[in-house]
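Notes for the one structure printed next.
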Amino acid sequence: MNKLLYQDTVKAALLEDFGRRGDVTSEATIPADMTTRAVIRARKAGVIAGLDAALLAFELVNPALSIQKHVEDGAAVSAGQDIATLSGSARDILAGERVALNFLGHLSGIATMTATFVKTIEGTNAHICCTRKTTPGLRALEKHAVKCGGGSNHRYGLDDAILIKDNHIAVAGGIGPAVACARAMAGHMIKIEVEVDTLDQLKELLELSPGADAVLLDNMNPDMLARAVKMIDGSLTTEASGGINMDTVRSVSESGVDLISIGALTHSAPVLDLGLDISD
């Protein structure tokens, strides 16, 4: 990722942690001129994401710190593996530690969960996607983490594409009017996707001309998804969504859908256990 996309986020996290006085514990216990060497190390196996953002926390605290990366984002690491080494002011390394590990653990957790989902559907034609159910302020980083785990990104925001969901349909007066209005407004670069949760709604959508570019098949079981894919017969990009988990994702992927969107990738991924150890 370009540093411009996350440097303000990292700076804000440091300012939140530093408060009004900075790291009073390190100032009280460690001489100002003391140096040390520290290693960021994986305590559990997983996939790394957000390493540059994590290391930026140390750079912002003290640009003179020596930082060496041992892996890159997207790398699968084992328990006990070294991720990065830092050398320099002991106070400054400890001051940046928590913010750095917060970013790295959270984003690596997303990448690790994504990689597990991707592995589970291996051999099918489906792709795992994230959603807009992201932590406010962290969307770019979290979507980057999904890509590090082998997943794909859905919309980055409301301006990426037109996604007509159930509430849009209800307010617009039906699928037909909603799609017609969308077609009248959308330029040639904007895709239109419509959410349906029944095969009758899907039939209505397929009868429209001009219609949509993609369909979100919401909360359908694998059998219904397979029937929907057969009805669509390649005329629309198909996306399955709604409560899909590790136990169900394989059967969903075998229905023949193109995409499987999973909100849990960004809103419920457990943190990957990583730590910073003083190595002197």
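For reference, positions follow the sequence shown, starting with 1.
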Pairing residues for Asp166 by the salt bridge (Lys or Arg N to Asp or Glu O under 4.0 Å) criterion, not counting sequence neighbours: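 In terms of salt bridge (Lys or Arg N to Asp or Glu O under 4.0 Å), with neighbours along the sequence ignored, Asp166 is linked to no residue.
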Who passes salt bridge (Lys or Arg N to Asp or Glu O under 4.0 Å) against Arg139, sequence neighbours left out?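 For Arg139, no residue satisfies salt bridge (Lys or Arg N to Asp or Glu O under 4.0 Å) once neighbours in sequence are set aside.
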Does Thr248 reach the main-chain N or O of Ile244 with its side chain, forming a donor-acceptor pair under 3.5 Å?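 Looks like no, no N/O pair under 3.5 Å.
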Residue from Arg41, His70, Lys69, Gln68 passing side chain to side chain donor-acceptor pair (under 3.5 Å) with Asp82: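 Going through Arg41, His70, Lys69, Gln68 one by one, the side chain to side chain donor-acceptor pair (under 3.5 Å) with Asp82 is satisfied by Arg41 alone.
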Should Ile175 and Val196 be marked as a side-chain contact (heavy atoms from CB on, under 4.5 Å) after you check the CA-CA gap, both sets of side-chain angles, and the distance that decides it? CA-CA 9 Å; Ile175 290 176; Val196 301; 4.2 Å; yes
Contacts of type side chain to side chain donor-acceptor pair (under 3.5 Å), residue Asp218, not counting sequence neighbours: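 By the side chain to side chain donor-acceptor pair (under 3.5 Å) rule, Asp218 matches no residue at all.
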Please list, chain by chain and in numerical order, all residues satisfying side chain to side chain donor-acceptor pair (under 3.5 Å) with Thr116, sequence neighbours excluded. none
Checking Arg155 now: which residues fulfil side-chain contact (heavy atoms from CB on, under 4.5 Å) with it, not counting sequence neighbours?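 So Arg155 forms a side-chain contact (heavy atoms from CB on, under 4.5 Å) with Arg132, Leu158, Asp160, Ala161, Leu163.
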Does this structure show an ion pair linking Arg43 with Asp277, if we count only N-O contacts that are shorter than 4.0 Å? yes
Within the 3.5 Å criterion, strictly below it, is a donor on Thr120 or Arg250 matched to an acceptor on the partner's side chain? no
Quick one: do the Ser66 and Ser87 side chains pair a donor with an acceptor below 3.5 Å? no
Salt bridge (charged side-chain N to carboxylate O under 4.0 Å, His left out): which pairs involve residues 4-13, sequence neighbours left out?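 Output for this query is empty, none listed.
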